[in-house]
Amino acid sequence: QVQLVESGGGLVQAGGSLRLSCAASGRTFSNYAMGWFRQAPGKEREFVAAISWSGSSTNYADTVKGRFTISRVNAKNTVYLQMNSLKPEDTAVYYCNAGVSRSIATIGAASGYWGQGTQVTVSS
C-alpha cells in the first residue's frame, strides 16, 4: 500500500500562486510515477499533470500547460505541483495519484493510489 497526503491548498486571488505537496509513505516512492488530478463541483475528475519516477518525463493537461509545474524529490518522498497564474476555473479539489509502476502511462489507473484531496479556491 502507498499512503498519500496532500497539503498546500487554500484560497487565492486570480493571478496568484500556490504550491501543492503530496507526501508518500508505505512503499519505495521512486518505484512509482506520480500525478495530480482535480475535480470541480459537478464535474468529473480530470488529469492535471504527471511525472515519471525519475522526474525526467512530465506531461500536462492543455488547460494548465505553461502555468503549472510538477516536480518530485525522491529523497523526501514528495511530489509537488507549482501553480502560477491561477484562474477561477482552476478551483477544484486536487488529488495526488501514484501509478502502479515507474511508467507515466500508469497514472490514473484504477489500481493506483489516491490521496484524500486538498481544496484550491481561486477568487475572481
Distance in Å, [X] [atom1] paired with [Y] [atom2], rounded so as to fall on 0.5 Å steps:
{"X": "Tyr80", "Y": "Cys96", "atom1": "OH", "atom2": "SG", "value": "11.5 Å"}
{"X": "Thr58", "Y": "Lys65", "atom1": "OG1", "atom2": "NZ", "value": "9.5 Å"}
{"X": "Phe68", "Y": "Leu20", "atom1": "CZ", "atom2": "CG", "value": "8.0 Å"}
{"X": "Met34", "Y": "Leu81", "atom1": "CE", "atom2": "CG", "value": "11.5 Å"}

Shortest non-hydrogen contact from [X] toward [Y]:
{"X": "Val93", "Y": "Gln119", "value": "CG2-OE1, 3.2 Å"}
{"X": "Leu4", "Y": "Ala24", "value": "CD2-CB, 3.6 Å"}
{"X": "Ala33", "Y": "Ser103", "value": "CB-O, 3.3 Å"}
{"X": "Ala40", "Y": "Ala92", "value": "N-CB, 3.8 Å"}
{"X": "Thr78", "Y": "Lys76", "value": "OG1-O, 2.8 Å"}
{"X": "Val73", "Y": "Phe29", "value": "O-CE2, 4.1 Å"}

Verify, without hydrogens or angle tests, whether [X] (side chain) and [Y] (backbone) share a donor-acceptor contact under 3.5 angstrom.
{"X": "Thr106", "Y": "Gly99", "answer": "no"}
{"X": "Asn59", "Y": "Ala50", "answer": "no"}
{"X": "Asn97", "Y": "Tyr113", "answer": "yes"}
{"X": "Thr121", "Y": "Thr91", "answer": "no"}
{"X": "Thr69", "Y": "Gln82", "answer": "no"}
{"X": "Asn74", "Y": "Trp53", "answer": "yes"}
{"X": "Ser56", "Y": "Ser54", "answer": "no"}
{"X": "Glu6", "Y": "Gly117", "answer": "yes"}

So which pairs with a foot in residues 101-124 pass salt bridge (charged side-chain N to carboxylate O under 4.0 Å, His left out), sequence neighbours left out?
none

Please list all pairs meeting salt bridge (charged side-chain N to carboxylate O under 4.0 Å, His left out) that have one or both residues in residues 42-59, counting only residues at least two apart or in different chains.
Arg38-Glu46

Check whether any side-chain heavy atom of Trp36 sits under 4.5 Å from a side-chain heavy atom of Ile107, and report yes or no.
no

In the structure I gave you, are the side-chain heavy atoms of Thr63 and Glu89 within less than 4.5 Å of one another anywhere?
no

Parallel, tilted or perpendicular: which one describes the rings of Trp114 and Phe37, with boundaries at 30° and 60°?
perpendicular

If two hydrophobic side chains count as joined below 4.5 Å and joins carry through other members, does [X] share a cluster with [Y]?
{"X": "Val100", "Y": "Ile104", "answer": "no"}
{"X": "Tyr94", "Y": "Tyr60", "answer": "yes"}
{"X": "Val64", "Y": "Tyr95", "answer": "no"}

Salt bridge check, Lys87 against Asp90: does any charged N sit closer than 4.0 Å to a carboxylate O?
no

